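First comes the structure, then the notes that go with it.
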There are 2 protein chains.
Amino acid sequence: MSEDFDAAKGSAAEMSIELHSAARLLRRNFDRRAKAHGLSRSRWQVLWHLSREEGQKQAELAERMDVAPISLTRQLDNLQREGLVERRPDPEDRRCFRIYLTEAAQPALELLRGLAQQTRAQALAGFSAAEVRQLHGLLARLRENLTREEV
Amino acid sequence: MSEDFDAAKGSAAEMSIELHSAARLLRRNFDRRAKAHGLSRSRWQVLWHLSREEGQKQAELAERMDVAPISLTRQLDNLQREGLVERRPDPEDRRCFRIYLTEAAQPALELLRGLAQQTRAQALAGFSAAEVRQLHGLLARLRENLTREEV
DNA sequence: CGACATTTATAAGCATGCTTATAATAAGCG
DNA sequence: CGCTTATTATAAGCATGCTTATAAATGTCG
């Protein structure tokens, strides 16, 4: 374990940079495709998360998106102004809203799912299904490690 | 190949989100550690890339960092103001500057290398050396795919 | 040489995310 | 009940990165 650790020790910086580079390139690629349609990756992520479960509170949704609640607020402001989402008051807690998709969001979601598919196809070109699963699993564990609060 | 592709098709969105989440968590984790010292991850990345090769032109450095040249400009402005880097005029091309680290950058680099090591240790806790290499390799291939211009 | 294109760095303005601070409501507890 | 604390959403302001536009220097080619 300590041996393994030392073995890869030199790549502390590389790993961080590699991951960030990959994320940045992914975002750029997707945004380039989405720009023509006026929707960005960040806003699409909100819709996508909502499509998995509507009616969440903003705080819950932010938690699942690994984003600060305030960051979500502005995205929702914009999406609501464009009629893609609704904020409905919670009947039991007057502090919070429940977030729902509107009908208008469905075509946008469909479109953006297609763009995501294209970006993914390019990003993972030449990857076997096993390798995709591997990457997915490794990233999930990495996230898990970083989500835990302990320093 | 088409079979492999279909096999993982459902995770087009998940993969993108997984990767971005991981990158964001990594940045947050590092920044939390670095905040006390007044240096952020982005600025440290500039120093780190420079430490591998000084005297690059801004355009070259930006290219290697997968960042737009203009994004680097502001980082260099700040780092220069704090005396961590120098812009020296290129004797053969009056358009460009060559970027160098100053003496003052060394302790900062040393410190930040340590912080990166801590973040990495937490992020990769429980990973074997083989898994770290795997992740590294997969990310490198992903970046390679996205760097190619073809749509 | 001289007009046009390319490259290098920068400026302006936008999008996104964060920290810190506020207001309203809810919950806990004497 | 009344006071204190926690939670929910938001506001203000900063950091970072991008697209598009500009200025200066260089390269290209008639």
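Computed from a predicted model, the values in this text were never measured in an experiment. Worth knowing before you read on, the calculation uses all heavy atoms, side chains too, and leaves out hydrogens, waters and symmetry mates. Below, chain A is the first sequence line, B the second, and so on; all start at residue 1.
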| request: Please say whether more than 12 non-hydrogen atoms of neighbouring residues, nucleotides or ligands are located less than 6.0 Å from CD in B:Glu53. | output: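 Enclosed.
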
Reckon [X] has a side-chain N or O less than 4.0 Å from the OP1 or OP2 of [N]?
| X | N | result |
| --- | --- | --- |
| B:Gln58 | C:dT10 | yes |
| A:Gln75 | C:dG17 | yes |
| B:Ser42 | D:dA15 | no |
| A:Arg98 | D:dA9 | no |
| B:Lys35 | C:dT19 | no |
| B:Arg94 | D:dA24 | no |
| A:Ser71 | C:dT16 | no |

| field | Under-3.5 Å donor-acceptor pair between B:Arg95 side chain and D:dT26 base | value |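 Counting by modelled atom types and ignoring angles, no donor-acceptor contact under 3.5 Å is found here.
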
| request: Looking at every strand, decide which applies to A:Thr73 at a 4.0 Å heavy-atom threshold: base, sugar-phosphate, or nothing. | output: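 The answer is base, as A:Thr73 lies within the cut-off (heavy atoms under 4.0 Å) of a base atom.
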
| request: Looking at every strand, decide which applies to B:Arg74 at a 4.0 Å heavy-atom threshold: base, sugar-phosphate, or nothing. | output: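 Base contact.
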
Specify the separation, in whole Å, of atom [atom1] of [X] and atom [atom2] of [N].
| X | N | atom1 | atom2 | result |
| --- | --- | --- | --- | --- |
| A:Ile70 | C:dT16 | CD1 | P | 14 Å |
| B:Asp93 | C:dT7 | CG | P | 12 Å |
| A:Arg28 | D:dT19 | CZ | P | 7 Å |
| A:Leu72 | D:dT10 | CG | C1' | 12 Å |
| A:Arg27 | D:dG17 | CZ | P | 9 Å |
| A:Leu76 | C:dA15 | CG | C1' | 16 Å |
| B:Glu63 | D:dC18 | CD | C1' | 16 Å |
| A:Leu26 | C:dT16 | CG | P | 16 Å |

| said: Treating A:Asp90 as the side-chain partner and A:Arg95 as the backbone partner, does any N or O pair qualify as donor plus acceptor under 3.5 Å? | reply: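 Pair absent, no side-chain N/O of A:Asp90 close to backbone of A:Arg95.
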
| query | Is the backbone of B:Asp66 close enough, under 3.5 Å, to the side chain of A:Arg24 for a donor and an acceptor to pair up by distance? | reply |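 Yes.
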
| query | A:Arg24 has a side chain; which of C:dT10, D:dA9, D:dC18 sits nearest to it? | reply |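 Closest nucleotide to the A:Arg24 side chain: D:dC18.
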
| request: Hey, which sits more toward the 5' end of DNA chain D by its nearest nucleotide, B:Arg43 or A:Phe97? | output: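 Between the two, 5'-proximity favours A:Phe97.
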
| said: As a quick check of understanding, evaluate side chain to side chain donor-acceptor pair (under 3.5 Å) for B:Arg141 and B:Asn145, giving each step before the final call. | reply: CA-CA 6 Å; B:Arg141 280 167 61 195; B:Asn145 281 341; over 6 Å; no

| query | Going through the checks in order, is the side chain to side chain donor-acceptor pair (under 3.5 Å) test met by B:Asn78 and B:Arg74? | reply | CA-CA 6 Å; B:Asn78 295 333; B:Arg74 191 167 34 189; over 6 Å; no

